[in-house]
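One structure below.
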Number of protein chains: 2
Amino acid sequence: MRIAIDAMGGDFAPATIVEGAVAVARELGVSLLLVGPREDVARELGRHTTSGLDVEVLDADTVVEMADSPTSVLRGKSGASIRVAVEAVARGEAAAVFSAGHTGASVLAAQKTWGLLPGVERPALAATLPTRHGLAVLLDCGVNLEPQPKHLVDFAHMGAAFAEVALGVGAPRVGLLSIGEESRKGNELTRDAHALLAASTLDFVGNIEARDLYTGTADVVVCDGFTGNVALKVSEGLVEAVEDLLRDELMRTAATRFGAWLARPAFREFRNRLDHEEYGAAPLLGVAGLCLVGHGRSSTRAARNGIAMAVRLASAGVTERLAARLPGR
Amino acid sequence: MRIAIDAMGGDFAPATIVEGAVAVARELGVSLLLVGPREDVARELGRHTTSGLDVEVLDADTVVEMADSPTSVLRGKSGASIRVAVEAVARGEAAAVFSAGHTGASVLAAQKTWGLLPGVERPALAATLPTRHGLAVLLDCGVNLEPQPKHLVDFAHMGAAFAEVALGVGAPRVGLLSIGEESRKGNELTRDAHALLAASTLDFVGNIEARDLYTGTADVVVCDGFTGNVALKVSEGLVEAVEDLLRDELMRTAATRFGAWLARPAFREFRNRLDHEEYGAAPLLGVAGLCLVGHGRSSTRAARNGIAMAVRLASAGVTERLAARLPGR
């Protein structure tokens, strides 16, 4: 199996991306197609030992910058690394693409090049969240900022299918993220979406409040992309603040320092379970191909885990199984 | 000073509310006006020692339930405890009202009875968040689910005034909660609000991502009430999940258990700084009176802290100072 990697996408690219990719190639024995301006990628690759690994560079003449418009990937920057990577997948030269670059550009490149799965109107980014009872899927996390109510039903079908095929959830319970449990609480979008979800074939458990995202009340939680992105980013920021705060408190006295030292395996495990880098990337659901969107601030570890997720989802044939599982229109 | 308390508001009312109120009366020497059906409140009050305290019961014939419409407080349930409490403040019988009941009903009762401060079109709920550099104000947290862009500018003025007069922030920096730092990132509301905020007299620092809510990048963060409520509730849920997870991990081995025991003062302090109950309530800004909205799930400790906050803000003359500080229209 070969994974195409947008080597230039992300705040710390190409350094962390190439390092993470090489680590995955070594650990999982997969092949890499590193996409970007040949010289830049080759220079970065030269810093690593790649003997025995199947690593190829695919030249791309430019890169979509964060300040660029998403549509630049279709016009003006059609030779950008993310576009070239997606096209390599379309030609069958790679099984999936990973990018920590401009999310909007990745989505447009994937959607225009691969098309959408039957019955899907809008693709959505699905984040995997740790809950007290296993993993949950939150979508959309940033693609559709102002979706229509019917799109939330699509997200629910895609999320449920993903929970089944990728997370092994038997009969996914679907919740609607809102600000009160009663059906008429929320904004116009959630009130209308509630009625549509209740009338669907999904196992709809109703509105769930944001405080229940981490309790495992629902396996799949749907919302507009603005709200989903805020929920995800608040969580990341809070986990970092919590760690800082806890570290400050634990360093205060000799007793608490010794206590923290004794308890360090617990802290390590705790950090792993909460850390967004552990998940590494969010799959773009609904496109006819596998695209993993990494965090803009992807570290080497995040890139490694995101690319490993691409390998896992590609091996499981997630896109094909999603297509088979989605209710066509 | 006397505080009017909606004794029946909240999931665990009247028990936790009355207990919290009696604690504040004893600790801070303030008078209480406990509002609700006389028998219910008197029965609950009978469980506590109130000798030496100035505690009065104000009869109200009904209560707004969570399933009621907010407007029931104006029609049908005009004798509800929250309405009676707000009217007592209007008559000068109390300096502020605290309610952990139906938020929408509290807002409507306060707005209709007291009116709005000059220049304010929509009141907003302001949550106080702990950051790495002091406290920040997030608003709106649940009143205006679909505000117009100009309302976010009003929220910014109210939040900045509140940060100055209640939190002692010198020159509050205002941020707009969005999903990217660039001005054109976000939805229609944030893009339009960005332009208005940039043209205002406020110290506007631009879009801030949700991950920066807890870094102290801005002293005041404005958003629509749906997004604000989600951000707040995600944080609450995550803190609880984090505590559970950490407890599980720390209990795993004898060494980690002993470590946790040694480090327990650090954990206690850590919990206090993150716990939403520590703040207890969110002030409703923009109405011509002081109304503190407590969490629906208010425990005795949350009620106690929320009522103590009402005492603190009333003593500081926050409403009058807000009125003087807001740019009139």
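First the proteins, then the strands, lettered A, B, ... as listed; each starts at 1.
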- Message: Need one label for Leu232(B): side chain, backbone, both or neither, based on atoms under 4.5 Å from any heavy atom in chain A.
- Response: neither
- Side chain to side chain, Glu209(B) and Glu236(A), heavy atoms closer than 4.5 Å: no
- Using a heavy-atom cutoff of under 4.5 Å, enumerate the residues of residues 178-186 of chain A that contact chain B, numbered in order, or state 'none'. Ser178(A), Ile179(A), Glu181(A), Glu182(A), Arg184(A), Lys185(A), Gly186(A)
- Task: Enter the distance from Phe226(A):CZ to Leu189(B):CG here, rounded to the nearest 0.5 Å.
- Result: 7.5 Å
- Side chain, backbone, both or neither: which part of Thr215(B) has an atom under 4.5 Å from a heavy atom of chain A? neither
- Query: Pick one: which of Val230(B), Val234(B), Asn187(B) meets side chain to side chain contact (heavy atoms under 4.5 Å, CB included) with Thr227(A)?
  - Reply: Val230(B)
- Name the region of Met251(B), side chain, backbone, both or neither, that has any atom closer than 4.5 Å to a heavy atom of chain A. neither
- Heavy-atom pairs under 4.5 Å with chain A, option from Asp224(B), Leu250(B), Leu177(B) with the top count: Leu250(B)
- Any idea which heavy atoms bring Ala210(B) and Lys233(A) closest together, and the distance? CB-CB, 3.7 Å
- Query: Between Thr253(A), Asp212(A), Asn229(A), Thr103(A), which residue shows the highest count of heavy-atom pairs closer than 4.5 Å to chain B?
  - Reply: Asn229(A)
- Item | Phe258(A) and Phe258(B), any side-chain heavy atoms less than 4.5 Å apart | yes
- Query: Looking at Gly237(B), Ser69(B), Ala231(B), which makes the most heavy-atom pairs under 4.5 Å with chain A?
  - Reply: Gly237(B)
- Task: Applying salt bridge (Lys or Arg N to Asp or Glu O under 4.0 Å), name anything that partners Arg173(A), two or more places apart in sequence or on another chain.
- Result: Asp219(A)
